[in-house]
Amino acid sequence: MSADLISAIRAHRNGDLERAEAGYRKVLAASPNDPDALHYLGVLLHRRGDSEGGARLVRKAIARSPDYADAHKNLGNILAESGALEKAEKCYRKAIALDETDADAYSNLSIVLRHQKRHEAAVEAGLNAANHGADNPVAWLVFGHALKRAGMHESAVAAYYRALELDRGM
């Protein structure tokens with residue numbers, strides 16, 4: 001990873017989107033097919049409201065690097081936020097196939113399945129999120145939501161309690 005790309009990612013994480021975008025574009029000017037720069041610029045464009053442009057760039061990153069699990073997951077995020085739940089599900093499943101330990105991908109899959117009212121599958125994905133993100137309060141919260149929607153209220157309360165414990169650093 002180049003120094004320019006690292007600097008752009010750092011700016012992106014710090015919320016300096018203008019500097020981040022300039023950095024990604026600088027990397028792409030020198031290397032138009034850099035999958036990382038394409039991916040992160042796509043995420044940035046989506047954050048700025050250009051979901052179509054963002055998805056296009058993330059797809060281009062995936063075309064250059066098909067095993068890029070985070071790009072599949074972020075494409076899923078863009079699609080889910082755009083209402084394309086079935087397409088988002090496919091992206092999350094691909095990300096999980098590439099990295100079976102990604103608690104965030106399981107959580108995102110659980111959310112999409114819950115919105116599709118596929119509660120049993122959402123519980124399964126939520127359980128995987130909690131198992132792979134044992135110290136991640138968000139994974140436990142998502143699992144709790146899936147359990148609640150599936151009518152498993154006692155188990156949902158236990159998952160919510162675990163999320164609270166983790167969030168408070170207990």
Side-chain angles (χ1 to χ4, degrees), residues 1-99 101-118 122 125-126 128-129 132-133 135-146 149 163 166-167:
M1 207 175 279
S2 72
D4 287 331
L5 183 58
I6 291 168
S7 178
I9 292 169
R10 188 173 296 123
H12 194 162
R13 288 185 180 150
N14 291 330
D16 187 350
L17 301 185
E18 287 182 29
R19 194 168 128 230
E21 182 174 354
Y24 297 140
R25 292 194 186 282
K26 180 177 179 183
V27 170
L28 290 170
S31 181
N33 293 317
D34 184 292
D36 291 314
L38 290 165
H39 169 224
Y40 290 117
L41 181 57
V43 170
L44 185 147
L45 290 179
H46 168 67
R47 183 172 172 188
R48 284 193 162 162
D50 182 5
S51 296
E52 187 176 313
R56 187 178 63 255
L57 288 177
V58 176
R59 283 186 179 103
K60 190 173 178 182
I62 291 168
R64 302 299 182 261
S65 184
D67 294 338
Y68 196 164
D70 283 342
H72 286 280
K73 181 173 59 180
N74 282 322
L75 179 57
N77 293 342
I78 293 169
L79 293 169
E81 291 174 24
S82 300
L85 300 181
E86 291 176 10
K87 290 179 182 178
E89 177 186 347
K90 288 179 184 178
C91 291
Y92 295 139
R93 290 192 185 281
K94 180 64 176 181
I96 290 165
L98 293 167
D99 180 0
T101 66
D102 189 336
D104 292 334
Y106 283 111
S107 288
N108 295 346
L109 176 61
S110 180
I111 291 166
V112 163
L113 293 168
R114 186 167 38 91
H115 286 296
Q116 294 175 333
K117 300 187 185 334
R118 294 168 55 201
N128 280 317
H132 292 290
D135 296 329
N136 181 339
V138 173
W140 284 94
L141 180 66
V142 168
F143 183 36
H145 289 331
R149 290 293 177 129
L166 291 168
D167 192 50

Taken to the nearest 0.5 Å, the spacing of N33 CG from R64 CZ works out to 4.0 Å
CD1/I78 to CG/L57 distance, rounded to the nearest 0.5 angstrom? 8.5 Å
CG of L41 to CG of L28, rounded to nearest 0.5 Å, is 6.5 Å
Considering only heavy atoms from C-beta outward, does the side chain of R93 approach that of E89 to under 4.5 Å? yes
Are E86 and L79 side-chain neighbours, meaning at least one heavy-atom pair lies under 4.5 Å? no
Other residues, nucleotides and ligands only: do more than 12 of their heavy atoms fall within 6.0 Å of CZ on R149? no
Given side chains that start at C-beta, do those of L166 and V138 come closer than 4.5 Å, heavy atoms only? no
Any idea how Y40 and H12 line up, ring-wise: parallel (<30°), tilted (30 to 60°), or perpendicular (>60°)? perpendicular
Heavy atoms of other groups near Q116 CD, more than 12 under 6.0 Å: yes
Can you name the nearest heavy-atom pair linking S82 to S51, along with the distance? OG-CB, 3.7 Å
Taking the side chain as everything from C-beta on, heavy atoms only, tell me whether R19 gets closer than 4.5 Å to S7. yes
Would you check if there is a donor-acceptor pair between the side chains of D36 and Y68 at a distance under 3.5 Å? yes
Taking atom types as modelled, is there a side-chain donor on D70 or H39 under 3.5 Å from an acceptor on the other? no
For A95, the side-chain contact (heavy atoms from CB on, under 4.5 Å) test, sequence neighbours excluded, returns H72, K73, A105
On a heavy-atom basis, the closest approach of G42 and V58 is CA-CG2, 4.0 Å
Any heavy-atom pair between the side chains of D4 and Y24 that's under 4.5 Å? no
Output the distance between atom CG (D104) and atom OG1 (T101), rounded to the nearest 0.5 Å. 10.5 Å
Taking side-chain contact (heavy atoms from CB on, under 4.5 Å) as the criterion, tell me which of N108, D102, L109, N128 meets it with I96. L109
A side-chain contact here means heavy atoms from C-beta on lying under 4.5 Å apart; do N77 and V43 qualify? no
Check: R10 main-chain N/O paired with N14 side-chain donor or acceptor under 3.5 Å: yes
Least distance between heavy atoms, L113 atom then A125 atom: CD1-CB, 4.2 Å
